[in-house]
Amino acid sequence: QVQVAESGGGLVQAGDSLTLSCVGSGRGFFRTSIGWFRQYLGKEREFVAAVDYSGDSTFYADSVKGRFTIARDNAKMTVYLQMHNLKPEDTAIYYCGAHLVSYSVAAVDSSKSFGTWGQGTHVTVSS
């Protein structure tokens, strides 16, 4: 069973950069795609980015493409989300999740594909 925990959130100004970390545990981490999602107050969880189990394939929401980079270091059991040129609309609680199916990248843009979530980390971008 894979467990994940997010960290790295904070309060930044528009245009700043921030890197979030998703630390995994459990042997299944190495065969599991990891996704980053965000949730605004009162809204559904929104896809941000995902990386497959090997780190070779990455996926991004159009809203973050070119500004965010996802990468994983399996030796450290960590997935990173580098966020550049942050905008006020990036303000949200950011969650990482583990895909329900080993080695799969099916529907990585859907939160329903992920069955394990961390507690979330807050990102606030001021204008």
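As a basis for the values below, the full set of heavy atoms in this structure was taken, side chains included, without hydrogen atoms, waters or symmetry mates. Here, residue 1 is the first one in the sequence, and each next residue gets the next number.
A cation-pi contact links Arg45 to Tyr95, judged by a cut-off of 6.0 Å to the six-membered ring centre and 45° from its axis.
Applying the ring-ring contact (aromatic ring centres under 6.0 Å, His included) test to residues at least two apart or on different chains, none of the pairs has a partner in residues 11-36. Within the structure, disulfide bond (SG atoms under 2.5 Å apart) pairs that include any residue of residues 47-94 do not occur (at least two apart or interchain). Listed by first and then second residue, the side-chain hydrogen bond (donor to acceptor under 3.5 Å, both in side chains) pairs that reach into residues 74-84 are Ser17-His84, Arg72-Asn74, sequence neighbours excluded. Counting only residues at least two apart or in different chains, disulfide bond (SG atoms under 2.5 Å apart) contacts with residues 85-127 comprise Cys22-Cys96. Screening residues 33-85 for disulfide bond (SG atoms under 2.5 Å apart), with sequence neighbours left out, gives no hits.
For the salt bridge (Lys or Arg N to Asp or Glu O under 4.0 Å) test, no residue two or more places apart in sequence or in another chain qualifies with Arg31. Legend: residues meeting salt bridge (Lys or Arg N to Asp or Glu O under 4.0 Å) with Glu89, ordered by chain and number and at least two apart, are absent. In this view, Phe37 and Phe47, Phe114, Trp117 satisfy the ring-ring contact (aromatic ring centres under 6.0 Å, His included) rule, not counting sequence neighbours.
In this structure, the side chains of Tyr94 and Gln39 stay at 4.5 Å or more apart for every pair of heavy atoms. Residues Ser63 and Arg38 have side chains in contact (heavy-atom distance under 4.5 Å, counting atoms from C-beta outward). Looking only at side-chain heavy atoms (C-beta outward), Thr116 and Gln3 come within less than 4.5 Å of each other.
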Contacts table for residues 100-112: side-chain donor-acceptor under 3.5 angstrom, sequence neighbours left out:
unit_1: Ser104; atom_1: OG; unit_2: Ala106; atom_2: N; d: 3.0
unit_1: Ser110; atom_1: OG; unit_2: Lys112; atom_2: N; d: 3.2

Identify all side-chain donor-acceptor contacts of residues 118-127 below 3.5 Å with residues at least two apart in sequence or on another chain.
unit_1: Gln119; atom_1: NE2; unit_2: Glu6; atom_2: O; d: 3.0
unit_1: Thr121; atom_1: OG1; unit_2: Gly9; atom_2: N; d: 2.9
unit_1: Ser126; atom_1: OG; unit_2: Val12; atom_2: O; d: 3.3

Would you mind writing out the side-chain donor-acceptor pairs for residues 51-60 within the sub-3.5 Å range, not counting sequence neighbours?
unit_1: Asp52; atom_1: OD1; unit_2: Ser54; atom_2: N; d: 3.4
unit_1: Asp52; atom_1: OD1; unit_2: Ser54; atom_2: OG; d: 3.2
unit_1: Asp52; atom_1: OD1; unit_2: Gly55; atom_2: N; d: 2.8
unit_1: Asp52; atom_1: OD1; unit_2: Asp56; atom_2: N; d: 3.0
unit_1: Asp52; atom_1: OD1; unit_2: Ser57; atom_2: N; d: 3.2
unit_1: Asp52; atom_1: OD2; unit_2: Ser54; atom_2: OG; d: 3.1
unit_1: Ser54; atom_1: OG; unit_2: Asp56; atom_2: N; d: 3.1
unit_1: Ser54; atom_1: OG; unit_2: Asp56; atom_2: OD2; d: 3.3
unit_1: Tyr60; atom_1: OH; unit_2: Ile70; atom_2: N; d: 2.9

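When all heavy atoms of Met77 and Ser25 are compared, the closest pair comes out as CE-CA, 3.7 Å. Closest approach of Val2 to Ala98, counting heavy atoms only: CG1-CB, 3.9 Å.
Residues near Tyr40 contribute nothing to a hydrophobic cluster around it, because no ILVMFWY side-chain heavy atom sits closer than 4.5 Å to its side chain.
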- Check the pair Asp90, Arg67 against side-chain contact (heavy atoms from CB on, under 4.5 Å), reporting the backbone distance first and the verdict last. CA-CA 11 Å; Asp90 295 317; Arg67 298 189 298 123; 2.8 Å; yes
- Could you give me the CA-CA distance, side-chain angles and deciding distance for Val4 and Val23, then say whether side-chain contact (heavy atoms from CB on, under 4.5 Å) is met? CA-CA 5 Å; Val4 293; Val23 178; over 6 Å; no
- For the pair Leu86 and Phe68, evaluate side-chain contact (heavy atoms from CB on, under 4.5 Å) and give the outcome as yes or no after the intermediate values. CA-CA 9 Å; Leu86 283 161; Phe68 291 11; 3.9 Å; yes
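Going from atom CG of Leu81 over to atom CD1 of Ile34 covers 12.5 Å, rounded to the nearest 0.5 Å.
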